[in-house]
Amino acid sequence: MPAQGADQFMDFFNHISYVREPGGVYFASPHACFPPLIYGMYGLFCRMLPQDATVMYDPFGTSTHALLLYVVYCVLLAVCFFYSVCRMLKNRTMEFSLVATVAVLLSYVFIFGVTERGNSVMIVCILLLLALELRDSGNVVHRELALLFIAIAAGIKLYPAVFGVLYLFEKRWKEAGRLLLYGIGCFFVPFAWFGGSAGMKQFFLNQRFVHGLDVARLGSVKMSWEKVAVLLRDHFAVQTDLSWVGTLLTVAFAVFYCWAFSFVKIGSGKFCCFVA
């Protein structure tokens with residue numbers, strides 16, 4: 001395993017390596033922790049590249065073919081992101097949408113948490129922006145697409161499932177029910193191609209492993225606390241195990257996030273959520 005900071009783009013290239021044998025993707029590494037839906041995309045990329053184009057945990061072993069694929073992937077996502085922002089801010093000028101897009105793409109979160117990592121969260125952002133723009137449409141097909149986009153987003157990164165709370169707050173029970181069915185389908189059905197029931201069990205074990213890591217960097221609430229804990233230990237000689245504080249802060253943040261949703265007007269109010 002390379003030292004921290006020496007594994008650039010590995011949230012992209014490692015997962016292409018993991019899925020070389022689709023049925024064993026979750027047994028390839030405990031870091032193979034994404035829901036199976038996104039491994040369909042990584043599996044396609046794997047088939048597009050030579051066998052040795054990516055090397056697990058070795059960014060310096062990545063071939064130029066794989067790097068070119070990643071550049072094209074990022075460009076296409078940036079274009080789609082701009083399109084989704086334009087739709088969300090359709091009452092504003094294109095210049096305003098462009099500035100908003102650039103501001104997000106050049107932010108710390110996106111440069112070092114998405115682009116530098118090669119994380120698939122960009123796809124999730126695009127899907128959620130489109131869903132928020134379509135969910136209050138007068139067209140029934142558009143409203144159904146919004147449900148599918150949220151379900152697919154939750155099938156890539158589990159946390160977008162919280163957007164289903166919007167339908168519960170608004171008492172849109174039938175749509176909430178269909179969203180639940182779509183979400184269950186997007187999460188469970190792809191396991192048929194990626195390990196079956198054994199793969200599903202291993203997925204949850206990998207999730208427990210990854211979330212149990214004490215990584216000190218500004219990537220999440222827990223990891224940010226670990227960074228603070230390292231500073232306290234190194235500079236203030238604090239020897240007490242404070243890892244439980246990171247877990248507590250994570251739970252508190254999740255509760256606050258759900259509570260804040262009840263005060264947010266999305267749709268006609270054009271409130272825009274960027275989730276990273």
What do the steps show when you test Lys157 against Asn119 for side chain to side chain contact (heavy atoms under 4.5 Å, CB included), and what is the final call?
-> CA-CA 10 Å; Lys157 296 278 189 178; Asn119 199 286; 3.0 Å; yes
Distance from Met88 atom CE to Ser97 atom OG, nearest 0.5 Å?
-> 11.0 Å
Search all heavy atoms of Ser120 against all heavy atoms of Ile156 and return the closest pair with its distance.
-> OG-CG2, 3.7 Å
Aromatic ring proximity, centroids under 6.0 angstrom, Tyr39 and Phe203 | no
Using side chain to side chain donor-acceptor pair (under 3.5 Å) as the criterion, list what pairs up with Arg143, not counting sequence neighbours.
-> none
For Leu44, the side-chain contact (heavy atoms from CB on, under 4.5 Å) test, sequence neighbours excluded, returns Met48
Quick one: side chain to side chain donor-acceptor pair (under 3.5 Å) partners of Ser17, sequence neighbours excluded?
-> Thr54
Using the test salt bridge (charged side-chain N to carboxylate O under 4.0 Å, His left out), find all partners of Arg20 that sit at least two apart in sequence or belong to another chain.
-> none
Partner set under ring-ring contact (aromatic ring centres under 6.0 Å, His included) for Phe194, not counting sequence neighbours = none
Any chance you could lay out the side chain to side chain contact (heavy atoms under 4.5 Å, CB included) test for Val71 and Leu67, step after step, and finish with the verdict?
-> CA-CA 6 Å; Val71 170; Leu67 291 172; 5.6 Å; no
Side chain to side chain contact (heavy atoms under 4.5 Å, CB included) between Arg208 and Phe204: does it pass, once the steps are laid out?
-> CA-CA 6 Å; Arg208 186 172 67 178; Phe204 288 109; over 6 Å; no
Heavy-atom closest contact (Ala53 atom, Ala66 atom, distance) | O-CB, 3.8 Å
Shortest non-hydrogen pair, Tyr57 vs Met10, comes out as N-SD, 4.0 Å
Results of ring-ring contact (aromatic ring centres under 6.0 Å, His included) for Tyr167 - residues two or more places apart only | none
Decide yes or no for Ile150 and Arg135: does some side-chain heavy atom of the first lie under 4.5 Å from some side-chain heavy atom of the second?
-> no
Where Pro160 and Val124 come nearest, the two heavy atoms and their spacing | CG-CG1, 3.5 Å
Not counting sequence neighbours, which residues clear side-chain contact (heavy atoms from CB on, under 4.5 Å) with Thr93? List them please.
-> Glu95, Phe96
Separation between OG of Ser29 and CZ of Phe209, rounded to the nearest 0.5 Å = 7.5 Å
Just jot down the side-chain contact (heavy atoms from CB on, under 4.5 Å) partners of Val102, sequence neighbours excluded, or say none.
-> Leu98, Leu106
Those residues at least two apart in sequence (or on a different chain) that pass side-chain contact (heavy atoms from CB on, under 4.5 Å) with Phe12 are Ile16, Tyr42, Phe45, Leu69, Tyr70, Tyr73
Results of ring-ring contact (aromatic ring centres under 6.0 Å, His included) for Phe149 - residues two or more places apart only | none
Using a 4.5 Å cut-off on heavy atoms from C-beta on, say whether the side chain of Cys74 contacts that of Phe9.
-> no
Start with the C-alpha distance between Ile152 and Ile123, add both sets of side-chain angles, then the distance that settles side chain to side chain contact (heavy atoms under 4.5 Å, CB included), and finish with yes or no.
-> CA-CA 10 Å; Ile152 293 171; Ile123 302 173; over 6 Å; no
Are Leu49 and Leu68 connected in a single hydrophobic cluster, I mean Ile/Leu/Val/Met/Phe/Trp/Tyr linked by side-chain heavy atoms less than 4.5 Å apart?
-> no
Separation between CZ of Arg178 and CG of Leu148, rounded to the nearest 0.5 Å = 9.5 Å
Do you reckon Leu127 sits in the same ILVMFWY cluster as Ile184, going by side-chain contacts under 4.5 Å, direct or chained?
-> yes
Sequence-distant partners of His65, side chain to side chain donor-acceptor pair (under 3.5 Å), two or more places apart = none
Classify the angle between the aromatic ring planes of Tyr26 and Phe191 as parallel (below 30°), tilted (30 to 60°) or perpendicular (above 60°).
-> tilted
To the nearest 0.5 Å, atom CD of Glu116 lies from atom CG of Asp11 at 9.0 Å
Glu133/Lys90 salt bridge by N-O under 4.0 Å criterion | yes
Does Phe169 share a hydrophobic cluster with Phe163, counting links as ILVMFWY side-chain heavy atoms below 4.5 Å and allowing steps through other members?
-> yes
Out of curiosity, His15 NE2 to Cys46 SG, how far, rounded to the nearest 0.5 Å?
-> 13.5 Å
Return the minimal non-hydrogen interatomic distance between Leu37 and Cys186, and the atom names on each side.
-> CB-O, 3.8 Å
Test ring-ring contact (aromatic ring centres under 6.0 Å, His included) applied to Phe82 - qualifying residues, sequence neighbours left out = none
Kindly compute the distance separating CG (Asn206) from CZ (Phe27), expressed to the nearest 0.5 Å.
-> 8.5 Å
Does OH in Tyr83 sit with more than 12 non-hydrogen atoms of other residues, nucleotides or ligands closer than 6.0 Å?
-> no
Path from Leu105 to Val79 over hydrophobic side-chain contacts below 4.5 Å = no
Between Leu147 and Leu179, the two heavy atoms sitting closest are O-CD1, 3.3 Å
When clusters are formed by joining ILVMFWY residues with side-chain heavy atoms under 4.5 Å apart, either directly or through shared neighbours, do Phe188 and Trp193 land in the same one?
-> yes
